[in-house]
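These notes are about the structure you will find just below.
All ligand and atom numbering here is 1-based and tracks the order in the structure. Note that the coordinates shown come from a computational prediction; the quantities given were computed from them, not determined experimentally. Basis for what follows: all heavy atoms, side chains included, without hydrogens, waters or symmetry-related copies. Residues: numbered from 1 along the sequence shown.
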Amino acid sequence: MRKQIAAANWKMNLTVDKAETLLDNIISANINLSNDQLAVFAVPFPYLHLAQNIIGDNDNFYIAAQNCYSKKSGAYTGETSVEMLQSLNIKYVVVGHSERREYFEESNAFLAEKLSIALEYNITPIFCCGEPLSIRDAQTQNEFVAKQLEESLFIFSADDVQKIVIAYEPIWAIGTGKTATSEQAQEMHAYLRKVLTGKYGKDVAGNISILYGGSVKASNAKEIFSQPDVDGGLVGGASLIADEFITIIKSLK
Ligand code: PEP
């Protein structure tokens, strides 16, 4: 079933005491989520365990990792396997954030390997895609993002692809304060669903959650999330402020 998701991406921010206070404040707001609404917190690796304990058995609240490695285990110093995440009962992992693609040169093919191993361990990947400003200026964003999907997602069966959450994040809108308009977001999300329909059919495409990411904040979340093909958001900066993120969660449709 297609879910509406507010996902926080804390990136490499917050010391442990601040992380604890932030999550405590959000949980103590007692937000009631319906069955098809989720709040997910992608926290830094050292805080996964603590964060799991804080959210406890709050329905529809989940902790995510911000990354994982493509191998099961072994001599990969500094990396984190999905088997480790599974052993911590982590259910979500962000894969292919634009910062990973840019600073760590993660390719579409490498990301396909990460998606594959995450699915093997029953961890839901939140797969990020999105174009840089030069591509948007050249108006070739559709082709660019379709290629990211084709090269990372299209190796999967219809059953598996429905287990992946997609986050469309135009790079020019990440951390810049510049948000895509709700029309621009809807236009791309509808296009991505069309690409998925072409490969997997309408029912499968209709089951996939597609989140928007790029300077979502309390003041614009409701309008963006209200678009028919937008199923919530992946939120960086505004997810570090309890009141902002509480409002963003409450803006889910
Ligand atoms: C992100 O990190 O995925 C993101 C969208 O960041 P921001 O909300 O700060 O633009």
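The shortest N/O to N/O separation between Thr176 and ligand 1 does not fall below 3.5 Å. Ligand 1 has no nitrogen or oxygen under 3.5 angstrom from a nitrogen or oxygen of Glu99.
Near Gly214, meaning under 4.0 Å from one of its heavy atoms, ligand 1 places the atoms 5 (C), 10 (O).
The shortest separation from a heavy atom of Lys217 to ligand 1 is not under 4.0 Å, leaving the residue out of contact. Not close to ligand 1: Ala238, with no non-hydrogen atom less than 4.0 angstrom away.
A distance of 5.0 Å separates CD1 in Ile164 from CG in Leu119, rounded to the nearest 0.5 Å. One distance of note links CD of Gln184 with OG1 of Thr179; it measures 10.0 Å at 0.5 Å rounding.
Taking 4.5 Å as the limit, some side-chain heavy atom of Leu153 sits within range of a side-chain heavy atom of Ile166.
At the top of the distance list for atom 8 (O) of ligand 1, counting protein heavy atoms only, stands Gly236 N, 2.8 Å.
Following chains of ILVMFWY side-chain contacts shorter than 4.5 Å, one cannot reach Trp172 starting from Phe144, and the two form parts of different hydrophobic clusters. Taken together through direct or relayed side-chain contacts under 4.5 Å among Ile, Leu, Val, Met, Phe, Trp and Tyr, Ile241 and Leu22 form parts of separate hydrophobic clusters.
The pair Lys114-Glu106 meets the salt-bridge criterion, with a side-chain N (NZ, NE, NH1 or NH2) lying under 4.0 Å from an Asp/Glu carboxylate O.
Counting heavy atoms only, Gly175 comes closest to atom 10 (O) of ligand 1 of the residues Gly175, Gly237, Gly233, Gly177.
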